[in-house]
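The structure appears below as structure tokens.
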2 protein chains.
Amino acid sequence: MRNYAEDAKVFKALCDENRLRILEILRGGEKCACVLLSDLQISQSTLSYHMKILCDSGIVVSRPEGKWMHYAISKEGSLRAAQLLVELTALYGDGDSCSCCNA
Amino acid sequence: MRNYAEDAKVFKALCDENRLRILEILRGGEKCACVLLSDLQISQSTLSYHMKILCDSGIVVSRPEGKWMHYAISKEGSLRAAQLLVELTALYGDGDSCSCCNA
DNA sequence: CACTCACATCGATTTTTGTCAATATGTTTT
DNA sequence: AAAACATATTGACAAAAATCGATGTGAGTG
């Protein structure tokens, strides 16, 4: 039995344009919030909001260092997300048609 | 240069509980709308709305047959989605830290 | 210890998404 | 051609998500 709400959370992280932009930046390696903020046209509170969603999904991990926050793509989290996607769309059995209507 | 809106569309298809339930049903093979409708506690118009989103994402394909509509998971679409996820989270270069703050 | 700086949280607002009933469209059957 | 049926679309509304300014929190600095 699946927890659809939990599964959906992972993909919610990926369905906002700004969060995809953030990931694009993080693909180059770990970045601190100030870099992200200067690259995106959003306010500081909005960035914080998005980073929370990305971290909660497991795709991004954070590392506090003094008063700065560093963010990076999590290889494990990304892999889990990709595996989840594959699972959710994998056919099982022989996948024959239903015969409810066109019988 | 990426089209984030287009990329996001794929994942939007996966971030609603009802759409994940629909996919779970379709994993067993092609189904017509009436089967989906009877399995889910949603109205006919709501089902139609969700199917449109799933089809637009490429993850599901539809096949009209007379007055009935058959839906199935698209292997190609699913694969593209999984590849997209991998791309969007793939690190490039050596992925070293930024040195903007903690210099 | 007061001050500053970076980030998180809160409250309010706007935008987007999901939902349904009603209606339109298109197909089959009589 | 009309009736019946399956699905799509529309319009209205409710719920959720994104955004920002203001404020709170906690770490470094003078």
Side-chain angles (χ1 to χ4, degrees), chain A residues 4-23 25-26 30-57 60-72 97-103, chain B residues 4-23 25-26 30-57 60-72 97-103:
Chain A
Y4 294 112
E6 196 64 26
D7 292 346
K9 199 162 78 171
V10 176
F11 300 111
K12 274 191 182 140
L14 297 169
C15 66
D16 177 83
E17 288 192 41
N18 279 321
R19 288 194 290 270
L20 291 184
R21 288 195 188 95
I22 292 167
L23 284 178
I25 298 171
L26 293 183
E30 190 186 58
K31 296 282 180 298
C32 62
C34 60
V35 171
L36 299 172
L37 194 52
S38 70
D39 279 21
L40 305 161
Q41 262 66 53
I42 56 177
S43 72
Q44 181 270 322
S45 58
T46 299
L47 176 64
S48 187
Y49 166 78
H50 286 306
M51 296 320 293
K52 184 168 167 49
I53 291 175
L54 283 168
C55 290
D56 285 353
S57 78
V60 168
V61 287
S62 63
R63 182 174 66 84
E65 184 165 327
K67 56 183 171 178
W68 294 288
M69 203 56 144
H70 294 244
Y71 298 100
S97 291
C98 77
S99 49
C100 62
C101 308
N102 59 333
Chain B
Y4 295 112
E6 196 64 28
D7 291 346
K9 201 162 75 170
V10 176
F11 301 110
K12 277 192 179 139
L14 297 169
C15 68
D16 176 83
E17 289 193 41
N18 279 321
R19 290 195 288 272
L20 291 184
R21 289 193 188 96
I22 291 167
L23 284 177
I25 298 171
L26 293 182
E30 189 185 60
K31 295 282 181 296
C32 62
C34 58
V35 171
L36 299 173
L37 193 52
S38 69
D39 279 20
L40 304 162
Q41 262 70 54
I42 56 175
S43 74
Q44 181 269 323
S45 58
T46 299
L47 176 64
S48 187
Y49 165 78
H50 285 306
M51 297 320 294
K52 184 168 167 50
I53 290 173
L54 283 168
C55 290
D56 285 353
S57 79
V60 167
V61 287
S62 63
R63 181 174 65 84
E65 183 164 326
K67 59 183 168 178
W68 294 286
M69 203 55 143
H70 294 245
Y71 297 101
S97 290
C98 77
S99 50
C100 62
C101 307
N102 59 333

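Nothing here was measured: the structure is a model prediction, and the numbers come from that model. Only heavy atoms go into these numbers, but all of them, side chains included; no hydrogens, no water, no symmetry mates. Below, chains carry the letters A, B, ... as their sequence lines are ordered, and counting in each starts from 1.
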I'd like a list of close polar pairs between nucleotides 27-30 of chain C and the protein, N/O only, cut-off under 3.5 Å.
none

Subject >> From dA8(D), dA21(C), dT9(C), nucleotide with atom closest to Met69(B) side chain >> reply: dA8(D)

**OP:** Establish whether the base of dA21(C) is bridged to the side chain of Ser45(B) by a donor-acceptor pair shorter than 3.5 Å.
**Re:** yes

**OP:** Return yes if the base of dA8(C) and the side-chain atoms of Gln44(A) contain a donor-acceptor N/O pair under 3.5 Å, otherwise no.
**Re:** yes

Subject >> Qualifying residues under salt bridge (Lys or Arg N to Asp or Glu O under 4.0 Å), relative to Asp16(B), sequence neighbours excluded >> reply: none

**OP:** Could I get the full list of salt bridge (Lys or Arg N to Asp or Glu O under 4.0 Å) partners for Lys9(B), not counting sequence neighbours?
**Re:** Glu6(B)

Does a side-chain heavy-atom distance below 4.5 Å link [X] with [Y]?
X: Gln44(A); Y: Leu47(A); result: no
X: Leu26(A); Y: Leu36(A); result: yes
X: Asp7(B); Y: Leu14(A); result: no

**OP:** Without swapping roles, check the side chain of Arg19(B) against the backbone of Ala13(B) for a donor-acceptor pair under 3.5 Å.
**Re:** yes

Subject >> Summary of salt bridge (charged side-chain N to carboxylate O under 4.0 Å, His left out) pairs that have at least one residue in residues 36-53 of chain A, sequence neighbours excluded >> reply: Lys52(A)-Asp56(A)

What integer distance in Å separates [X]:[atom1] from [N]:[atom2]?
X: Leu54(A); N: dA18(D); atom1: CG; atom2: C1'; answer: 14 Å
X: Lys52(A); N: dT19(D); atom1: NZ; atom2: P; answer: 17 Å
X: Leu37(B); N: dC5(D); atom1: CG; atom2: C1'; answer: 13 Å
X: Asp56(A); N: dA8(C); atom1: CG; atom2: C1'; answer: 13 Å
X: Ile22(A); N: dA18(D); atom1: CD1; atom2: P; answer: 11 Å
X: His70(A); N: dA8(C); atom1: NE2; atom2: P; answer: 12 Å
X: Gln41(A); N: dA18(D); atom1: CD; atom2: P; answer: 18 Å
X: Leu47(A); N: dA17(D); atom1: CG; atom2: C1'; answer: 16 Å

Write down the protein N/O and nucleotide N/O pairs, taken from nucleotides 15-18 of chain C, whose separation is under 3.5 Å; answer none if there are no such pairs.
unit_1	atom_1	unit_2	atom_2	d
dT17(C)	OP1	Lys12(B)	NZ	3.0
dG18(C)	OP1	Arg19(B)	NH1	3.4
dG18(C)	OP1	Arg19(B)	NH2	2.9
dG18(C)	OP2	Arg19(B)	NH1	3.4
dG18(C)	OP2	Tyr49(B)	OH	2.6

Subject >> Considering all heavy atoms, the nearest Pro64(A)-Met69(A) contact >> reply: CA-SD, 3.4 Å

**OP:** Quick one: list whatever passes side-chain contact (heavy atoms from CB on, under 4.5 Å) with Cys15(B), sequence neighbours left out.
**Re:** Phe11(A), Lys12(A), Cys15(A)

